[in-house]
Structures are given as C-alpha cells and as structure tokens.
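Please read all numbers here as calculations on a predicted model, not as lab measurements.
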Amino acid sequence: MRIRDRLIFILLATCLSCSAMAQPAASLFRAINRDARDAKAASRYADAERIYVEGINNKKISSENRSTLVLNYVDLCFTRGDYQTARTLLEDYSPITKAQSQRWMVRKATANYFSGNYDEAEKLYAEANALDGLDLATRYELMAFQGAMYMDLGIYDKALAYFDKALLYANTDNLTWNIQMGKAIPLAQSGHGEEAIQLIDKCIAWFARNLGKDSRNYQVSLRKKAEILLLQDRYKEAVEAFRKYVTTEKEYTLNNFASKPEQWRLDFWKAIKPNISKVFALENHCPDYLLDVALFRREVAMSGNSNMNEINKRLSITGNKLRAALKEHECAIDFVRYTKNDTARYGAIVVPSLKMRQPVRFVPLWTEEDLHGYMVDGVQRLDDALCSSNMSDKDRLYTDTCLTHFVWGELDSILETYDYEDIYFAPDGILHLLALEYLRDDNGVCLHRLTTLSHLVNRNAHKISDKSRMLAAGGLDYNQDAEPSNGEMAANHDAMDYLLAKLPRVDHPFTYLNGTMVEIDSISRISPFVTSKETIQFERQLKENIQNKSYNVLHLSTHGYALDVEVPLVPEALRDSITEDKSLLASGIALTSANVAYKQQSQEDGIISAREFCEMDMSHIDLMVLSACQTGLGRFNDEGPAGLVRGLKKAGAGALIVSLWSVSDEATMLFMKHLYKSMSEQTKLDIHAAFNAARISFSKECRKSRSFNAARLKASKSDNKITTFNLPRYCNSFILLDAIN
C-alpha cells in the first residue's frame, strides 16, 4: 500500500475532534505537533503516527506546516525502525521552504543509509554536501550521519574525517562531546589505541562533570572505553571498565524501570541488551563476573509489570546465590550470543553447585556462521531446517548424531568431570528454536530448559497440586459473532492489524480445529484439576478470567502463530538510541470470533498477541499449556526470540508448554491425553517427570493410516499401514520451560 493510500485510510478511521477542527490553522498546527511529540515521548508511537497523519491530511494546515509535520513524522519512522515509510513519505511529499529542502535532502540520504542502501545514501549525501547555505544544525547532522555510515562500513579513515567536519558545525558543548565520543572507536580501529583511550577518558570526565553520572552519554562513554581496551587485548583493564559500565546500567534500570510503561521497557532493552552482551567477549578472563551479567540481562528482559521492590529483588540475584541454590548433583548452563572482533559467536557459562567445589567456566563454542550454516545430515543448513514447514526436515534434524556432537561435544568434555543428575540450561539466539534437550540421550540425566537460571533461586514460586484450578478451552468457533461490548475496556486491534498487514490477502486466517474439542473433553475426564471446560472463549472473557485470578492453570487448545518478520537494521547512528520494539506483535493465539471480531471497531479483535500478554498480571498462573502451533517461536535477534514465551514470562507466568513448529491436530490431541494421564498417576506432582513420561508413552502410540492425512504419514513395510508417533516431527514438537523440581 503506498503511503498516500495509507494516510487516507488512517484518516478515514480516525478524525480530529470538533474542538480541534475549530482552531485557527497556526494553533492547530502547534497543537498537533505538541500532541504527537508528547505521544512519542511516552512511547505511544501508534498514537503519534495517527496524530501526524491526521495533521498531514487536514486541509486547514498550510503547505509549509504540512511539510514540517512530514519531516517530524519521518523522524518518528526512524525511531520505529520503519525506514521504508520514511523513504516513501519523502518521495510523496515536497518541501516548501529552503530550510525544509535542506532537511529533506539529508533525511532522504539518511533513510537510505538506515535501510542499508549505502550506495544511494552516499550519492544523496554528496548532493546534500553541494547545497549552498546549509544552516549549522543541518550541516552538523549531515556530517555526523556520514561519519556513522562509514563506521558501519568499516571505512574508519572516512568516518574520522566526517566526524572532524561535524565538530566544525557543533554549536553546543554537548554536540561537540557527542562527536568526540563517536571518534573514539574508529580511532582505535585505525591503530591509534592510546589516542583513543585518552580521548574517551576526556569524554567520560566531561559527561560526568556536566551531565552527571546518571546520564546516558556517560554510560555509553564507559562502555566505549571497555570496547577500546578489548580491541587492544588489555583484558584486565577491560574487565574493570565493563564493571563500571554494567553498574551504571543496573542503577539506571533500578531508577527508571518501575515508573516506565511497558513499551518504554521493551524499547530500552532492545537498545541496551546488545551492548550489555559485549561483555561476554571477555570470555574466560572473568567467568564469575560474566555469570552475574548473564543473570542481570535475563532478569531485565523478563521484568514485566514489576514494582520497584520486585525489580530490586530480581536484579540482586548473583552467581553465588545461584550456585548456592543448586543441589549437589545439579549444574546449570547459560548460553550467550555475543560479538568478538566483529564476529558473532556463541558461548556457554557452565555453573556447578558450590557443593561440588568446581569453578564457573566460560566455554567458547561456535561462530554464528558455523552454527547457522551447519549442514543437517549433510543436505540442509541448520537455520533452514529450524524454520522449515516440511516435517521430514524435523525428523532429519533430530536424528543427526553429528549435530548432537557438534552442539554438545565441547561441553561434554567439561560436564563429564561433574557428578550430575540434572542439567538446567537457558538458551540464546537460534538455540531458542532448537530443542537441545532432545539432542541428548543420557541415561539418568535430566535436562531442564529455563528462560533464566535465576528461577533456580526461587524454586517454589510456581507449584501445582490436586487443589489447582484449571481452565481448559478448545473447540473454538473463529467465525462466531463477536461478543457484545460491555463498554468497560477499550478495544485493542493492534494484533490483528499487524497480522493482516503481514498477510494482506487472508480474510479468515483461522480454520476450525476438529481435534481441540476432543482434546479438552479427554483431559477434563483425566485431569484432577479441570474446573472449567470452555468451547467459547472470547478475548475479553479470557482476559477477565486472568485478571480475576480464577485459575492457576490454563490449557488453551487453539491456533497459534509466529510471523517471520524482518528485523530492521540498527545503524551505528541509532545504536545507543531508544527505538521501537514491535516484535512481540508478531506472535499470538486466536480465540472465539477471531475471524470476524476485528471488523467491528468496538470489539476486541479476537486474538491475543505476545505484546498484550506483557500488560497482564499472570504471576498466579503456575502452568500454561499452549496446545497450538508455533507458540514457542519468535523472530530472534540480539534481544532473543520475541514470541509468546517472552510475553508470558514478562507477565509472570510459571511453567510453559509450547510448540516449536506447526503441529498435527490429532497428534497434539493424543499427546495432551498422555500428558494429563501421566500427571494424574503421580502421587506427588512433578511436571517435568510427567512431561517426559508422556513423551515416552506417546511415542509408542500408533494409529492406522486411514485416520490421518495420508500425505503426512510414514508407513511401515507391512500390509497394514501403520503410523507411529515415534518420530521427531511428533514427539519433539512440544517443549517444557521453567518446570523445576
């Protein structure tokens, strides 16, 4: 959809209030600009966009003021990572004044730079440089962005040259020292290490003296010093510099998180986590400290609607507390993804119990290129196999013994020195999409997947018993008329808007699932704690059930989805800026009337995205079973996967059972039957033991081929064609998270 059509569409859906329409044009323009700026500052980016669109399309706004709104809207697009919309806006509208023309040219070049179109950006920057009469602010911006672009390209001499030019146009001390800080890394990369250290030390001192030690610039300058020291292999000094930097980030988090809205927290962590992860390039020079950092970064990522006391408690968990909480025959592994010498890598922090009298160790593992490009069974890249919808690829993936050795081999040489019975691990990067626990077959050793190792410090936070109350929902009708509005809650259509934007030709995306009705009938007869069986579960109804804390176990048998969304480039110029994290909108679950509810603006849209779960309080949910497709997926980047798991954990939910790919309706129904049967047979309920027992019994289940879709069966050579579920596509599709003995 072209941007003009998009603007007209949004305008038709939303209009200015009568009082605003009556204002004189100049005051109306000021009001629009102010409201949009305030919405942007409050991380309400969708509201800010709507306000800009309304203003741009308002005929009372003069052409000059309209162009100003377009430029401000472009800046909002940069914050949202929506560089294509920025480029289209600049193409579809025209500047009026000379000053606007100058800003226009610079932003067109910058929008191409942010999109990775470096050749076009370089050409446009050259045209902008040739313009006469550029004001100081525009000339400064022009030079600074070019310096950042050449840093991204690794052309450090050019980066330094443009940063020096930017200094000539910096009209405030703050701008001057920002550029000086930007120069430090390219200086070090150009072989001027000592000069770079001297320069960054001056920046640190100036920011501390003039902006304060709680300012972002001070914190960024501390990190850049650590990076420069690391480039020079001055590890001891780099450790101390990273300690100072991480300490300031902890203090900033403690002082700001509790008072900020969830979107701000998401945006903040999107910017900060890649920088925090740079500390892991220290590798085995300080493994105990790296464990502290690993725990800190996961706790911040999972901090949802926590208050100050809860945030303090979570961020106070250290490596020593974790080791003290581990039992004698337990060990833990925190996988980390980081960059060293411009190469993305994976490593593992191996954490033994204090009782074992063994040190914490950092184990460098593989480069990202080697891991992602591993050829499964010699025929397919690992990242392609993980994302493939072909079930035979899943079978190949989890029967490749060489992959098991590739992933676990280096760690096994260390783990074999421990006398362990349980391994707890927290994945990172692409490992979130790979069931590491199914790549090993250790007799007597249990592998437990966690979202953060910190859960081991508070093992009893989520336990279920025969007194638990469970809501089971399935057999949902996605075409049923929408629930009547009660007028108490504002309708939220963000999830469906995002879904339809990615799948514009799909009018009714959700089909009825026959097996889900049978599934909840079966488990309601087996499970000792099913207290409500629902075949109608509207979005508002489920949210109220969660809000009222009526149940502590939820079983939702429905459609799930995880869109493979493009992760926008984060250019050097924005690397330390707060930019919008929209990734949680890409995953969700469908509820009753999901195919039709979104067509009524007064109704909830019938789906709950991972982003919506973030706003809920689910701390009373001890177990949530998402019997649906792709509920454990999410596009991953430096922040890890951003799917339903992250949304539910930020909401405070306990143990989760989710799927790693699109699952068979009937196979899922049968697995869930085995799961709840296994639970009902335990005298002392252990979710992890019940889950593993269910996988074993389920894998032995057989069905005649005529009861399945024949195209998806693997037939035996006998005359009676039988399908067994002892295939990875079936028995490895679900994983269990955060179930701790």
Q | Any residue meeting side chain to side chain contact (heavy atoms under 4.5 Å, CB included) with Ser557, in chain and number order, not counting sequence neighbours | A | Thr516, Glu519, Ile520, His555, Ser627

Q | side chain to side chain contact (heavy atoms under 4.5 Å, CB included) involving Ala385 - partner list, sequence neighbours excluded | A | Val376, Gln380, Leu397

Q: Mind telling me whether Tyr398 and Tyr438 have parallel, tilted or perpendicular rings, with 30° and 60° as the class edges?
A: perpendicular

Q. Is it true that the side chains of Gln537 and Asn545 contain a donor and an acceptor less than 3.5 Å apart?
A. yes

Q) Can you name the ring pair (Phe, Tyr, Trp, His ring centres under 6.0 Å) partners of Tyr420, sequence neighbours left out? A) none

Q. Does Cys731 have any side chain to side chain contact (heavy atoms under 4.5 Å, CB included) partners at least two apart in sequence or in another chain, and if so, which?
A. Arg695, Phe698, Ser699

Q. So, Thr451 and His455: side-chain donor and acceptor under 3.5 Å apart, yes or no?
A. yes

Q.
Between the side chains of Lys649 and Asp738, is the shortest nitrogen-to-carboxylate-oxygen separation below 4.0 Å, so that they form an ion pair?
A. yes

Which donor-acceptor pairs under 3.5 Å do side chains of residues 328-335 form with protein atoms, sequence neighbours excluded?
| from | atom 1 | to | atom 2 | distance (Å) |
| --- | --- | --- | --- | --- |
| His329 | ND1 | Asp419 | O | 2.9 |
| Glu330 | OE1 | Lys327 | N | 2.8 |
| Glu330 | OE1 | Arg459 | NH2 | 2.4 |
| Glu330 | OE2 | Tyr424 | OH | 3.4 |
| Glu330 | OE2 | Arg459 | NH1 | 3.4 |
| Glu330 | OE2 | Arg459 | NH2 | 3.4 |
| Asp334 | OD1 | Arg298 | NE | 2.9 |
| Asp334 | OD1 | Arg298 | NH2 | 2.7 |
| Asp334 | OD2 | Arg298 | NE | 3.4 |

**Q.** Which atom of Ala690 lies closest to which atom of Met679, heavy atoms considered
**A.** CB-CG, 3.9 Å

Q) Sequence neighbours excluded, which residues qualify as salt bridge (charged side-chain N to carboxylate O under 4.0 Å, His left out) partners of Asp292? A) none

(Q) Between the side chains of Glu262 and Lys650, is the shortest nitrogen-to-carboxylate-oxygen separation below 4.0 Å, so that they form an ion pair? (A) yes

Q: Apply ring pair (Phe, Tyr, Trp, His ring centres under 6.0 Å) to Phe296 and list each qualifying residue two or more places apart in sequence or on a separate chain.
A: none

Q. What pair of heavy atoms forms the shortest contact from Trp408 to Leu436, and how long is it?
A. NE1-O, 3.4 Å

**Q.** Charged N-O contact under 4.0 Å between Asp428 and Arg337
**A.** no

**Q.** Listed partners of Lys321 passing salt bridge (charged side-chain N to carboxylate O under 4.0 Å, His left out), at least two apart
**A.** none

Q: Give a yes or no on this: more than 12 heavy atoms of other residues, nucleotides or ligands lie within 6.0 Å of atom NZ of Lys677.
A: no

**Q.** side chain to side chain contact (heavy atoms under 4.5 Å, CB included) against Asn390, all qualifying residues, sequence neighbours excluded
**A.** Ser388, Ser392, Asp393

Q: State whether Trp366 and Arg345 meet the cation-pi test: NZ (Lys) or CZ (Arg) under 6.0 Å from the six-membered ring centroid, and within 45° of the perpendicular axis.
A: no

Q) Under the salt bridge (charged side-chain N to carboxylate O under 4.0 Å, His left out) rule, what pairs show up with a residue in residues 529-539, not counting sequence neighbours? A) Asp521-Lys533, Glu539-Lys543

Q. With Tyr551, which residues qualify under ring pair (Phe, Tyr, Trp, His ring centres under 6.0 Å), at least two apart?
A. none

Q: Name all residues meeting the salt bridge (charged side-chain N to carboxylate O under 4.0 Å, His left out) criterion together with Asp686; count only those two or more places apart in sequence or in a different chain, and write none if there are none.
A: none

